[in-house]
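Okay, structure first, notes after.
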Amino acid sequence: MLGNMSNPVKKVPIHLQSSQNRLLIKNGKVVTEDDVFDEDVYIEDGIIKQMGRNLIIPGGTRVIDARGNYLLPGGIDPHTHFDFEFMGTRSVDDFYTGTKSAIAGGTTMIIDFVFPKEGESLLDAFYEYRRKADGKVCCDYSLHVCLPTWSAHVQRDMETLCKEHGVNSFKMFMAYDFMLDDGQLYSAFEQCQKLGAIAQVHAENGPVIAKNAERLLAQGITGPEGHELSRPEELEAEAVNRACVIAKQVDCPLYVVHVMSRSAAKKVAEARDDGGRVYGETLAAALGTYGARSEHECFRHSAGHVLSPPLRPDPATPDCLMTCLALDVLQLTGSDNCTFNKSQKELGIENFTKIPNGVNGVEDRMSVVWEKGVHAGIISPSRFVAVTSTNAAKIFNLYPKKGCIAVGSDADIVVWNGNAVRTISAQTHHQAVDFNIFEGMQCHGVPEYVIVSGRVCLEEGQLRVAEGHGHFVDTPVFAPYVYEPEKMAELKPTRNGPAVPAVEPLELEDDFRLMKVQHDYILASTHEPDSVHTPIGKGARPEGQRNIQESTFSLSEELDTDRKSSIRVRNPPGGKSSGFW
Ligand SMILES: NC(=O)NCCC(=O)O
Ligand SMILES: [Zn+2]
Ligand SMILES: [Zn+2]
């Protein structure tokens with residue numbers, strides 16, 4: 001007997017009857033950082049095994065029809081803070097809710113930050129984060145390590161972390177009580193360079209912020225509006241510049257986390273023009289919203305938008321930062337997901353300096369970047385892939401295991417419907433936090449399927465994550481993209497497999513078209529047929545969308561020769577951006 005009403009035999013969904021470790025995704029448009037092409041993708045045991053048409057595959061393989069949709073490499077969020085003790089409280093999204101939400105939005109890997117408590121060694125803090133995360137993560141993850149102090153012990157632990165624990169990035173703060181001074185930054189950068197690691201900076205001028213805050217509080221400005229007033233964008237730009245100058249002294253690659261303003265982005269561009277190995281990350285928050293909301297009368301609402309560096313009041317900032325991503329002035333997007341509920345934000349109800357700093361974004365980053373970038377006509381789908389996935393994989397030495405769809409790579413794939421629309425809301429998001437800075441935003445770009453290491457975790461709106469399914473992934477030192485960029489051509493996977501002979505870079509004309517939008521220039525990949533990619537150009541924007549000219553920034557009338565060559569090679573340590581500003 002098969003079963004009865006009191007003891008029914010569970011009906012097994014058809015797709016689970018086939019072997020769960022084999023999957024064929026058919027009829028999708030594979031998007032890479034520099035191409036879009038029609039190929040099927042066959043996955044076995046979590047790895048992409050074959051790509052092409054008319055593949056010969058074993059019987060019993062589950063088939064997903066991705067017709068009309070893109071296949072994107074799963075997003076890599078290089079900046080999250082799950083289960084983070086900070087400003088007298090703890091962020092509410094932990095490694096389970098955080099990675100679950102990431103997957104719901106099309107992100108299949110995160111990189112979090114180990115933050116040592118007072119008196120705790122870097123190594124003990126690292127072990128503690130591994131304990132917190134392993135067993136909870138629903139997708140793969142890696143760890144950066146923060147340096148809240150500087151000492152010989154810290155220096156030794158950095159070496160151990162790099163040599164024995166798969167860490168290749170260290171974050172230093174130029175603000176907060178735990179900031180390093182310039183001499184300490186110099187020493188920390190020097191150690192990073194020696195180890196083949198990447199130095200990351202939170203760039204703000206801490207001492208000047210403290211003075212500003214003191215003055216504002218004395219004037220009776222105690223509410224959330226004091227946050228941005230105490231941290232104007234020139235203090236961000238000054239610190240970015242200082243960090244770049246110090247890194248240059250010791251030839252250390254520098255990654256500027258959360259670039260939040262036009263002024264700071266300009267400093268990143270200048271450092272890159274000057275030959276510096278400098279990489280800039282901006283946030284979904286900075287691209288999807290701006291700072292006017294900190295004047296909102298409701299404390300929850302304005303405090304909910306408090307992060308550092310702050311959202312900027314200039315409404316042109318989001319488009320400016322997106323254009324910086326388009327032009328490779330900035331290379332990647334993170335979320336800086338660091339979420340606090342109403343009662344936690346209220347720790348600062350009488351004093352804005354005590355509002356726990358942080359916002360959401362891990363779930364919505366992909367949709368926000370698609371909406372404000374691709375749908376708005378500023379970046380192509382290929383550039384979207386670069387700034388949401390591939391560049392993070394390259395900088396942190398995870399490529400080509402992560403960050404691309406290629407034979408031999410991990411099967412972290414998103415079947416992405418660029419035309420479907422969803423409305424972001426705290427009522428429907430998967431995060432633990434009770435607020436969403438993107439509340440009400442309509443986003444084109446919805447993941448139809450999210451495949452994490454070969455496992456289908458999202459389909460038909462149903463999220464089926466597995467707690468503990470993810471693994472810690474080592475980030476080896478001396479990332480070729482950072483330390484030996486000339487080797488990148490050898491690493492680039494072909495459609496048939498990982499090993500390739502070096503290829504000549506494409507000529508500019510083959511790779512991009514330069515289009516004039518009234519008085520502004522936009523770069524767009526020429527690889528997408530117009531049938532799948534919104535054409536960019538004067539009058540070509542879908543109805544109701546803002547023309548780029550409404551922003552207060554504009555690009556130069558002509559890009560100079562150096563700029564063109566820097567665009568051609570995509571990652572131009574030293575490519576010029578003169579004329580952009
Ligand atoms: N960004 C922020 O306000 N909170 C998280 C900590 C940090 O990244 O500085
Ligand atoms: Zn920071
Ligand atoms: Zn952060």
Side-chain angles (χ1 to χ4, degrees), residues 74-87 89-115 125-126 128-134 136-146 167-171 173 198 200 202 255 257-260 281-288 307-308 332-341 356-369 387-389 391-393 395-396 398 402-403 412 429-433 435-438 450 452 465 467 469-473 475:
I76 300 174
D77 188 337
H79 193 152
T80 64
H81 301 277
F82 299 145
D83 203 350
F84 173 34
E85 269 188 54
F86 184 49
M87 296 185 73
T89 185
R90 184 185 285 273
S91 62
V92 291
D93 279 298
D94 66 7
F95 283 91
Y96 173 63
T97 62
T99 53
K100 177 171 111 176
S101 310
I103 293 168
T107 288
T108 57
M109 177 171 185
I110 60 101
I111 315 182
D112 207 88
F113 289 82
V114 172
F115 194 94
F126 176 81
E128 173 61 14
Y129 266 75
R130 289 292 309 266
R131 263 194 299 277
K132 287 201 284 190
D134 290 348
K136 280 207 164 190
V137 282
C138 305
C139 63
D140 286 352
Y141 78 106
S142 297
L143 290 168
H144 315 289
V145 175
C146 298
V167 171
N168 73 6
S169 44
F170 297 93
K171 179 177 175 184
F173 291 82
I198 299 147
Q200 300 181 290
H202 174 126
Y255 179 109
V257 300
H258 45 47
V259 174
M260 297 297 284
E281 164 206 276
T282 190
L283 304 183
L287 298 165
L307 81 159
S308 295
L332 63 184
T333 59
S335 68
D336 198 1
N337 194 96
C338 186
T339 44
F340 300 103
N341 279 336
N357 289 189
V359 296
N360 64 288
V362 74
E363 181 163 348
D364 300 319
R365 179 183 65 117
M366 298 285 277
S367 291
V368 167
V369 178
V387 302
T388 57
S389 180
N391 287 348
I395 290 171
F396 296 109
L398 297 158
K402 304 282 187 189
D412 291 339
H429 71 201
H430 299 82
Q431 300 202 219
V433 67
F435 186 77
N436 193 313
I437 55 165
F438 307 114
V450 179
V452 183
V465 296
E467 194 168 0
H469 177 65
H471 295 103
F472 177 79
V473 183
T475 52

Shortest non-hydrogen pair, G403 vs I76, comes out as N-CD1, 3.9 Å

Nearest 0.5 Å please: distance from the CD1 atom of I110 over to the CG atom of D140. 10.0 Å

Are the side chain of S91 and the backbone N or O of D83 linked by a donor-acceptor pair below 3.5 Å? yes

Could you list the residues that satisfy ring-ring contact (aromatic ring centres under 6.0 Å, His included) with H81, not counting sequence neighbours? H79, F84, F113

Roughly how far apart are H429 NE2 and F435 CZ, rounded to 0.5 Å? 10.5 Å

Any non-hydrogen side-chain atom of N360 less than 4.5 Å from a side-chain atom of V362? no

For the pair M109 and S142, evaluate side-chain contact (heavy atoms from CB on, under 4.5 Å) and give the outcome as yes or no after the intermediate values. CA-CA 8 Å; M109 177 171 185; S142 297; 3.0 Å; yes

Sequence neighbours left out, what passes side chain to side chain donor-acceptor pair (under 3.5 Å) with T99? Give chain and number order. none

F115 and F173, any side-chain heavy atoms less than 4.5 Å apart: yes

In this structure, NZ of K171 is separated from CD1 of I198 (nearest 0.5 Å) by 15.0 Å

Are F472 and D134 close enough that some pair of their side-chain heavy atoms sits under 4.5 Å apart? yes

Can you tell me if T107 and D77 form a side-chain donor-acceptor pair at under 3.5 Å? no

If we ignore hydrogens and angles and just use 3.5 Å, is the side chain of T97 paired with the main-chain N or O of D94 as donor and acceptor? yes

Compare every heavy atom of L332 with every heavy atom of P78, then report the nearest pair and how far apart it is. CG-CD1, 4.2 Å

What's the spacing between T475 OG1 and I395 CD1 if we round to 0.5 Å? 12.5 Å

Mind checking what makes salt bridge (Lys or Arg N to Asp or Glu O under 4.0 Å) contact with E85, not counting sequence neighbours? R90

Give a yes-or-no answer on whether the side chains of R365 and T388 include a donor-acceptor pair shorter than 3.5 Å. no

Kindly indicate whether the side chain of C146, heavy atoms from C-beta on, has any atom under 4.5 Å from the side chain of V114. no

Working note: D336 + V359, criterion side-chain contact (heavy atoms from CB on, under 4.5 Å); need CA distance, chi angles, decisive distance, verdict. CA-CA 7 Å; D336 198 1; V359 296; 5.8 Å; no

Any donor-acceptor N/O pair, E467 side chain to Y96 backbone, under 3.5 Å: no

Can you name the closest pair of heavy atoms from N357 and S308 and give their distance? OD1-OG, 2.6 Å

Do S169 and H144 have side-chain N/O donor and acceptor atoms under 3.5 Å apart? yes

State, yes or no, whether a side-chain contact exists between F396 and I111 at a heavy-atom distance under 4.5 Å. yes

Could you tell me if the side chain of K402 sits less than 4.5 Å from the side chain of D412, heavy atoms only? yes

Would you say that V259 contacts E281 through its side chain, given a criterion of any heavy-atom pair below 4.5 Å between the two side chains? no

Tell me which one of K136, R130, H471 satisfies side chain to side chain donor-acceptor pair (under 3.5 Å) with Y141. R130

Do Q431 and N337 have side-chain atoms, one donor and one acceptor, less than 3.5 Å apart? yes

Show your working on side-chain contact (heavy atoms from CB on, under 4.5 Å) between V433 and F340 and close with a plain yes or no. CA-CA 6 Å; V433 67; F340 300 103; 5.9 Å; no

Distance (rounded to the nearest 0.5 Å) between T333 OG1 and L283 CG: 8.5 Å

Between C338 and F86, which heavy-atom pair has the shortest distance, and what is it? SG-CD2, 4.4 Å

Distance (rounded to the nearest 0.5 Å) between F95 CZ and C139 SG: 10.5 Å

